[in-house]
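Note on naming: letters A, B, ... go to the chains in the order of the sequence lines (proteins, then strands), and numbering restarts at 1 for each one. This structure is a prediction, so every number in the text was calculated from the model and none was measured.
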4 protein chains.
Amino acid sequence: MRVKDENKQQAIISATIALVNEIGFASSSVSKIAKQAGVSPATIYIYYKNKEDLLVSTYVTIKTCLGDALMADFDASLPVEDALMNTGVNLFNYISANSELFYFKEQFANSPYNDLVDKAKVEAAFLPLFDVLQQSVKDKIIKDVPFELIFSHLYYPIFGLANPRLNPDFKATPDNVRAVMSMAWDAIKL
Amino acid sequence: MRVKDENKQQAIISATIALVNEIGFASSSVSKIAKQAGVSPATIYIYYKNKEDLLVSTYVTIKTCLGDALMADFDASLPVEDALMNTGVNLFNYISANSELFYFKEQFANSPYNDLVDKAKVEAAFLPLFDVLQQSVKDKIIKDVPFELIFSHLYYPIFGLANPRLNPDFKATPDNVRAVMSMAWDAIKL
Amino acid sequence: MRVKDENKQQAIISATIALVNEIGFASSSVSKIAKQAGVSPATIYIYYKNKEDLLVSTYVTIKTCLGDALMADFDASLPVEDALMNTGVNLFNYISANSELFYFKEQFANSPYNDLVDKAKVEAAFLPLFDVLQQSVKDKIIKDVPFELIFSHLYYPIFGLANPRLNPDFKATPDNVRAVMSMAWDAIKL
Amino acid sequence: MRVKDENKQQAIISATIALVNEIGFASSSVSKIAKQAGVSPATIYIYYKNKEDLLVSTYVTIKTCLGDALMADFDASLPVEDALMNTGVNLFNYISANSELFYFKEQFANSPYNDLVDKAKVEAAFLPLFDVLQQSVKDKIIKDVPFELIFSHLYYPIFGLANPRLNPDFKATPDNVRAVMSMAWDAIKL
DNA sequence: GATGAATGAGCCTTCATTCAT
DNA sequence: GATGAATGAAGGCTCATTCAT
């Protein structure tokens, strides 16, 4: 049996991301993606079941990378404030270095395709973070509110600010990044 | 000469919002929208130049309503904390009562169509809010950071939480709402 | 009863001719013609039964004018050669002064709409010419061949030469015109 | 990989010609042509960039065949009169045997699509004929007038006569054909 | 595995025409 | 008489997907 060509698959993923970012989700047809990737439309169907599978898979891959980046070197033994600050800085750094991936993710997450994603799988990376937060609540270090509130203040500001569509003029300087995270900490700390 | 039927235009807008929310942005074809609205596809082109115009116009209308709702009864003479709290509560109330509009707006704002919107026009409603915040910075009541940071902590958590796609389980109870806004205030206050 | 507006009808005819000449027969829709004429599409249906009627009527009008022009001052008492020469010069002059009409006519005559035209009506103007030719055959001045052959040599060269689509570089100078007709005479004379 | 089906392309061309001849240029939609050819509308776009390309390509093919037929066995060493007579007979024969092609060509040449054709390419076949005529002018055998005049008398009568739309009753009998060409010769000879 | 050919369904838009004023 | 609103049908074309090689 011949082996799937890793380069070809990567070319398809890159083409998908680039094209969706450039001309948008709805206009990105399979044949345009194929052309951009330098393969035949039929080839895409060797790697993915259909268009939906291609898009969802690409999204899941990105989301996983993003989760891993955010949690890189996560140290539960640090003071919570510092541990969280690290995740924010990590997130900003990753987004800055991989803006294409982030941009795609935002567009996808707000499209109906998002409903097809297995949330649990995508959120697995954050479990250690959950634990730390849970403990911090018990220790009366952070506010005792539903987790969604904590998360919404921790990361939604970052997502919004890093999105050039929403904030075309925002610059993710180290100062700005630390300021955002510091404000987030003020929001959630007791 | 026949006169333009106001009901017809409203039916088209409603159909657009309902359909986009139901089956998504990319799948909502002009003829499906027409069918849902109970008019001929051709009729849509009497009211809108093309599909893009229909979608963008609908978005701008919604965005304007949202801005107006958020700023309703805005009272610059109140303590900032209270004035801001009011905007948050207004926003939540409006979203709760008009989830369809909000849902459409979120999907639109993260699609490439968003680039076609005249931002200045849409942001006009918020000018009084800008002024109050600016003064509060001078009065050393809130932090002296770029405005985008302030806004990102004030409203992005709400947008995220209110989005059933992102937080299907969140309930906008008065307690939760006040908690979110209170956290936002902690984030931005000096 | 209100009276039909002569100016309006003329505007419609002019618009039809101009538009058909510019963008072609198939692309000239009723609403485009209406816009060019400065009237409502519905107005056209007051003057003409439908699109076909508009086009055919316009053609018949033009064709009649052309026949009249060609036969203007036709003098059966002149020597045939001179009488024919006059028709050719007349034709050239008319075409030069009314190229728009001629251009429309050529396009129409080679379209399937042509089949809808009542030929007899259009050819009525030429009857005196037929008579003269018939007599000339009897007098053994011109060749005894089917009339179509005579006509084909008398006027098709002119039609072809005067058509900028077929002969973009031809100039209808008096010299050229006389040369063409002189050649035509050589073709048909005995 | 599947290979392009030559039969399919030929079916498309034949369908185009047949349909255009039957219902006319403007009414011949791509999907009607596809149906007539027994293929999917989308298939046509594999062979041609768009409708315009389909029509123009078909025309150029026909025009080339016609030029080749007219010039078949062209013998520059014959007396001009005979050489020209041969071209006329060739032309008539070809038209008689391929009236469909001729009919299409006439309709096309008088439509605005004609402007899209590369004239030089289409006229290449006639170069030997040009040479002979040029020499005959020098030899004072034919009249010294612009070439367009010569051509207009040589072939436009044929085109007109062979066109059933213009001359529904004309029969291209050998006698008639020789008569037309003989008249043409009288027109151009010195 | 990889491909370009092939397709029916559907896209957005405009059509010729009629309606209500 | 004159009009812009309204429409079902059809326009050219592209879609996601499968086929044959």
Side-chain angles (χ1 to χ4, degrees), chain A residues 1-5 8-9 12 26-35 38-55, chain B residues 1-6 8-9 26-35 38-54, chain C residues 1-5 8-9 26-35 38-54, chain D residues 1-6 8-9 26-35 38-54:
Chain A
M1 179 191 83
R2 250 189 262 177
V3 123
K4 286 185 185 175
D5 184 337
K8 216 153 270 196
Q9 169 139 37
I12 293 171
S27 304
S28 297
S29 69
V30 172
S31 49
K32 281 182 195 159
I33 292 172
K35 186 169 287 176
V39 302
S40 163
T43 305
I44 290 181
Y45 288 83
I46 295 171
Y47 294 89
Y48 301 96
K49 216 171 61 211
N50 51 32
K51 188 187 181 183
E52 178 183 306
D53 184 27
L54 164 63
L55 294 172
Chain B
M1 171 189 81
R2 213 188 272 183
V3 92
K4 271 189 190 175
D5 185 339
E6 192 63 43
K8 214 152 273 192
Q9 169 141 33
S27 304
S28 296
S29 70
V30 171
S31 60
K32 282 181 194 160
I33 292 172
K35 187 167 288 176
V39 301
S40 161
T43 303
I44 289 181
Y45 289 85
I46 293 173
Y47 294 87
Y48 301 96
K49 218 171 61 224
N50 51 32
K51 187 187 182 185
E52 177 184 307
D53 184 28
L54 165 62
Chain C
M1 180 191 81
R2 252 187 263 177
V3 124
K4 286 185 185 176
D5 184 338
K8 216 153 269 195
Q9 169 140 35
S27 304
S28 297
S29 69
V30 172
S31 49
K32 281 182 194 159
I33 291 173
K35 185 169 288 176
V39 302
S40 162
T43 304
I44 290 181
Y45 288 83
I46 295 170
Y47 294 88
Y48 301 95
K49 218 172 59 209
N50 51 32
K51 187 186 182 183
E52 179 184 305
D53 184 26
L54 164 63
Chain D
M1 169 189 84
R2 215 189 269 182
V3 93
K4 271 189 190 173
D5 185 338
E6 193 62 44
K8 214 151 273 192
Q9 168 140 35
S27 305
S28 297
S29 69
V30 171
S31 59
K32 282 182 194 158
I33 292 172
K35 188 168 287 176
V39 301
S40 162
T43 304
I44 289 182
Y45 290 86
I46 294 172
Y47 294 88
Y48 301 96
K49 216 169 65 226
N50 49 33
K51 188 188 181 184
E52 176 184 307
D53 184 28
L54 165 63

Quiz item: In whole angstrom, what separates B:Lys4's NZ from F:dT3's C1'?
Solution: 14 Å
Quiz prompt | Any C:Lys32 side-chain N or O less than 4.0 Å from OP1/OP2 of E:dT14 | solution = no
Exercise. Ignoring backbone atoms, test whether B:Ser29 places a side-chain nitrogen or oxygen under 4.0 Å from the OP1 or OP2 oxygen of E:dG10.
Key: no
Practice problem: Tell me which residues in residues 39-50 of chain B put a heavy atom below 4.0 Å from DNA chain E, sorted by number, or none. | Solution: B:Ala42, B:Tyr45, B:Asn50
Quiz prompt | side-chain hydrogen bond (donor to acceptor under 3.5 Å, both in side chains) involving D:Asp5 - partner list, sequence neighbours excluded | solution = none
Self-check item: Distance-minimising heavy-atom pair for B:Lys8 and B:Thr43
Solution: CD-CG2, 4.2 Å
Quiz item: Do any side-chain nitrogens or oxygens of C:Lys8 fall under 4.0 Å of OP1 or OP2 in F:dT3?
Solution: yes
Quiz item: Which residues satisfy the side-chain contact (heavy atoms from CB on, under 4.5 Å) test with C:Lys35, sequence neighbours excluded?
Solution: none
Quiz prompt | side-chain hydrogen bond (donor to acceptor under 3.5 Å, both in side chains) against D:Asn50, all qualifying residues, sequence neighbours excluded | solution = none
Quiz item: On DNA chain F, nearest-nucleotide positions of D:Ser27 versus B:Gly38: which is more 5'?
Solution: B:Gly38
Self-check item: Length of the line joining B:Leu54:CG and E:dT13:C1', which is rounded to integer Å
Solution: 13 Å
Practice problem: Specify the separation, in whole Å, of atom CD of D:Glu52 and atom P of F:dC13. | Solution: 9 Å
Quiz item: Looking at residues at least two apart in the chain, or sitting in another chain, which of them share a side-chain hydrogen bond (donor to acceptor under 3.5 Å, both in side chains) with B:Tyr45?
Solution: none
Practice problem: Have a look at B:Val30 and say if it touches a base, only the backbone sugar-phosphate, or nothing, with a 4.0 Å heavy-atom cut-off. | Solution: base
Self-check item: Integer-rounded Å distance: F:dG4 C1' and B:Asp5 CG
Solution: 13 Å
Practice problem: For DNA chain E, produce a single dot-bracket line, 5' to 3'. Pairs: Watson-Crick or G-U wobble, both distances under 3.5 Å. Symbols: ( ) within strand, [ ] crossing, | other strand, . unpaired. | Solution: .||||||||||||||||||||
Quiz item: In whole Å, what is the span from the NZ atom of A:Lys51 to the C1' atom of F:dT14?
Solution: 11 Å
Practice problem: To the nearest 0.5 angstrom, please state how far the CD1 atom of A:Ile46 sits from the CD atom of A:Gln9. | Solution: 11.0 Å
Quiz item: Rounded to whole angstrom units, what separation is found between the CG atom of A:Asp53 and the C1' atom of F:dT17?
Solution: 14 Å
Quiz item: Which pair of non-hydrogen atoms, one from C:Ala26 and one from D:Ala26, has the smallest distance, and what is that distance?
Solution: CB-CB, 3.5 Å
Quiz item: Would you say a side-chain N or O of D:Ser31 is under 4.0 Å from OP1 or OP2 of F:dA10?
Solution: no
Exercise. Starting at atom CD1 of C:Ile33, determine the distance to atom P of E:dT17, rounded to an integer number of angstrom.
Key: 11 Å
Quiz item: Rounded to whole angstroms, how far apart are NZ on C:Lys35 and P on F:dG4?
Solution: 11 Å
Quiz prompt | Spacing of CG belonging to A:Leu55 relative to OH belonging to A:Tyr48, to within rounding of 0.5 Å | solution = 10.0 Å
Quiz item: Under 3.5 Å, is there a donor-acceptor pair between the side chain of A:Lys51 and the main chain of A:Val30?
Solution: no
